[in-house]
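Encoded as structure tokens, the structure appears first; notes follow it.
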Protein chains: 2
Amino acid sequence: MHAQNLVDQNAIIESSSTALLPTEEQSVVDLILKAILEQRIAPGTKLGEEALANIFGVSRTRIRRVLLSLSHRYVVELRPNRGAIVASPSEQEARNIFEARRAIELAIAKGLAKQIGRSELAELRKHVRAEADARKRADSREAIRLSGEFHLLLARLAGSKTLSGILETLVSQTSLIIGLYGHRHGSSCAYEDHEEIINALNSKDPQKASALMLDHLEKIESTLDLTPEPTMSQDLHSIFGQIAAKD
Amino acid sequence: MHAQNLVDQNAIIESSSTALLPTEEQSVVDLILKAILEQRIAPGTKLGEEALANIFGVSRTRIRRVLLSLSHRYVVELRPNRGAIVASPSEQEARNIFEARRAIELAIAKGLAKQIGRSELAELRKHVRAEADARKRADSREAIRLSGEFHLLLARLAGSKTLSGILETLVSQTSLIIGLYGHRHGSSCAYEDHEEIINALNSKDPQKASALMLDHLEKIESTLDLTPEPTMSQDLHSIFGQIAAKD
DNA sequence: AAATAAATTTTTGTGCACAATAATTGACAT
DNA sequence: ATGTCAATTATTGTGCACAAAAATTTATTT
């Protein structure tokens, strides 16, 4: 792992989630999380404790808690005695995660449509403008992050810390999934969909809002290639398949 | 805290959840969790590290991780430099938790109705028999635990580790909520409701299954007293209210 | 006696040394 | 070469001593 990948942040730190770690540790969590979600570190990458401790200039004791915390978000996998790696959700897990997102986000959309106000709508529109801007600038990292954060923003506006907390975990995992199974760059949410959802919320139409959310989530899932086994073995087949067939 | 409360378990250990702690630690987690969920330790109770270390005969280092793990489940609250206490979900959090449960469990019921098989139905009926039995024996602890576990069983049978994991957290919190806000003993699920749900699943009727689940969850929530502030101040008022009024 | 402050005790937080385990390298045999 | 085994190196896991903070007790002042 290269230090470059982890400290390269210019932008704002995630900083959401229920703060129960010391602030210093939380910022390391956020940094690593951001790096993973922007796909600067690939799934499967080893996250050595000593290496991280050096990079961030904190003790191993702390790194250890950081890794534990990230593992609770299912963003890193902790293998006993073998260290931490960036998680690689399986194809089955990917489906389950989308299933869970459907359940939760339809409810959020429905609930929000019933009680949304002016200022919330403004905040949403502002966010989507930022998404459009990132896309225009071809800043795909930012675009990926913002499109995930749109969904988190909806959860926050719905006023349930419980649901936001759950969705945070699911959105993080979705980023990993898109990195693993999404072929073309179009995999991340289209901000146009987000605009439509906002319009439905604006017209206080719960049915429409949730229907659009469903379409949107299904669209994202459909851009993925969730047919075969994990990435690695797939590559081997596509590389050696023809040679083996000739035999 | 009395050691009695924590080691008194005769029954089976929870043992679900994604095991990423050493098995020894996991069993301490399960023991404390069980004690909390069966309401043998009240919300707000201090969980001193040294005390727990002595009770369970493990080092403080380990207890520390155990408490961290329980805090991720929102079952204990970790107050920096002030130690851990059993969590007391606020009235608002309680509502949010039920909202989340509705979103998730309706989806589970719907999905399960479409794909449930013979053996799954048998397992569910067996579970409900155990519930009825516990009720008949007036073993309210067991009854509380089993009625929560029925919901977890549904999630497991639905085949999504993601949803089960989320629901586990929510069910744990629900136990705390019932302990805090549920006045009469009838607060825990009636197993009769569970039977009805099973029947709907049996007849592969997704609409009915989810409708019954909704009723069931709303019934539980409605037995709670979620009007006022946290427990303590409420008690003080109900104790001193009349005296103050006389003045 | 009530309130404030100082001193003491208790409890939580952290780094570090060492133990346990896994990964790597090298030697040897087939 | 290829595979197996031993020795070495590197990495993770844990207890403990000490630091930091909070809670409690005692002393002091008004």
Side-chain angles (χ1 to χ4, degrees), chain A residues 1-3 5-6 17-29 31-32 36 41-88 232, chain B residues 1-3 5-6 17-32 41-88 232:
Chain A
M1 140 194 10
H2 298 69
N5 287 335
L6 284 166
S17 99
T18 45
L20 31 77
L21 303 220
T23 52
E24 189 187 42
E25 268 167 49
Q26 187 59 47
S27 75
V28 175
V29 168
L31 246 34
I32 297 178
I36 293 176
I41 327 181
T45 305
K46 178 85 188 280
L47 298 172
E49 298 181 0
E50 189 118 350
L52 293 173
N54 291 334
I55 290 172
F56 293 108
V58 302
S59 71
R60 250 186 72 217
T61 309
R62 284 199 153 110
I63 289 296
R64 213 137 220 287
R65 259 203 308 275
V66 165
L67 291 173
L68 198 58
S69 182
L70 289 167
S71 84
H72 280 287
R73 286 194 147 196
Y74 302 103
V75 161
V76 316
E77 182 186 344
L78 244 43
R79 305 161 307 166
N81 289 317
R82 314 235 1 256
I85 58 174
V86 178
S88 318
M232 216 44 194
Chain B
M1 145 195 2
H2 297 69
N5 287 333
L6 285 166
S17 97
T18 45
L20 32 76
L21 303 218
T23 52
E24 188 187 42
E25 270 167 47
Q26 187 58 48
S27 76
V28 175
V29 169
D30 290 337
L31 246 34
I32 297 178
I41 328 182
T45 306
K46 178 85 188 281
L47 298 172
E49 299 180 0
E50 188 115 356
L52 293 172
N54 290 335
I55 291 172
F56 294 109
V58 302
S59 72
R60 251 187 72 218
T61 308
R62 285 199 154 113
I63 290 296
R64 213 137 220 287
R65 259 202 309 274
V66 165
L67 290 173
L68 198 58
S69 180
L70 289 167
S71 84
H72 280 287
R73 285 195 148 195
Y74 303 103
V75 161
V76 316
E77 181 185 345
L78 244 44
R79 305 161 308 168
N81 288 315
R82 317 235 0 256
I85 58 175
V86 177
S88 318
M232 215 42 194

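In what follows, chains are A, B, ... by sequence order, proteins preceding strands, each numbered from 1.
Between B:E24 and B:R62, at least one side-chain nitrogen of the basic residue sits less than 4.0 Å from a carboxylate oxygen of the acidic one, meeting the salt-bridge criterion.
Distances shown here put every side-chain N or O of B:K46 at or beyond 4.0 Å from the OP1 or OP2 atom of C:dT10. For the pair A:R82 and D:dG13, the criterion of a side-chain N or O lying under 4.0 Å from OP1 or OP2 is not met. For the OP1/OP2 pair of C:dT14 and a distance below 4.0 Å, the side-chain nitrogens and oxygens of A:S59 include no atom meeting the criterion. Between A:R60 and the phosphate of D:dT12, there is no side-chain N or O to OP1/OP2 separation shorter than 4.0 Å.
When distances run from any side-chain atom of B:R62 to the nucleotides D:dG15, C:dG15, D:dA22, the shortest one goes to D:dG15.
Residues B:I63 and B:E49 come closest through the heavy atom pair CG2-O, 3.9 Å. Between B:P43 and B:V86, the shortest heavy-atom contact is CA-CG1, 3.6 Å.
Here C:dT11 presents its P atom at 12 Å from CG of B:L52, a figure rounded to the nearest Å. A straight line from CZ of A:R79 to C1' of C:dT21 spans 13 Å, rounded to a whole angstrom. C:dG15 atom C1' lies 13 Å from atom CD of A:E25, rounded to whole Å. Taking atom CD of A:E24 as the reference point, atom C1' of C:dG15 lies 13 Å away to the nearest angstrom. The distance from atom CD1 of A:I63 to atom P of D:dG13 is 14 Å, rounded to the nearest whole Å. The distance between atom CD1 of A:I85 and atom C1' of D:dT11, rounded to the nearest whole Å, is 15 Å. For the pair A:L47 CG and D:dT11 C1', the computed distance is 14 Å after rounding to whole Å. In this structure, A:R65 places its CZ atom 14 Å from P of C:dT12, rounding to the nearest Å.
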- Take A:R82 and A:E77, measure what side chain to side chain contact (heavy atoms under 4.5 Å, CB included) needs, and give me the verdict at the end. CA-CA 10 Å; A:R82 314 235 1 256; A:E77 182 186 344; over 6 Å; no
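In the model, B:D30 has a side-chain atom that pairs as donor or acceptor with a side-chain atom of B:Q26 under 3.5 Å.
At the heavy-atom level, A:R64 lies under 4.0 Å from base atoms of the strands shown.
A residue-by-residue look at A:N81 and A:T61 shows that A:T61 has its nearest nucleotide of DNA chain C further toward the 5' end.
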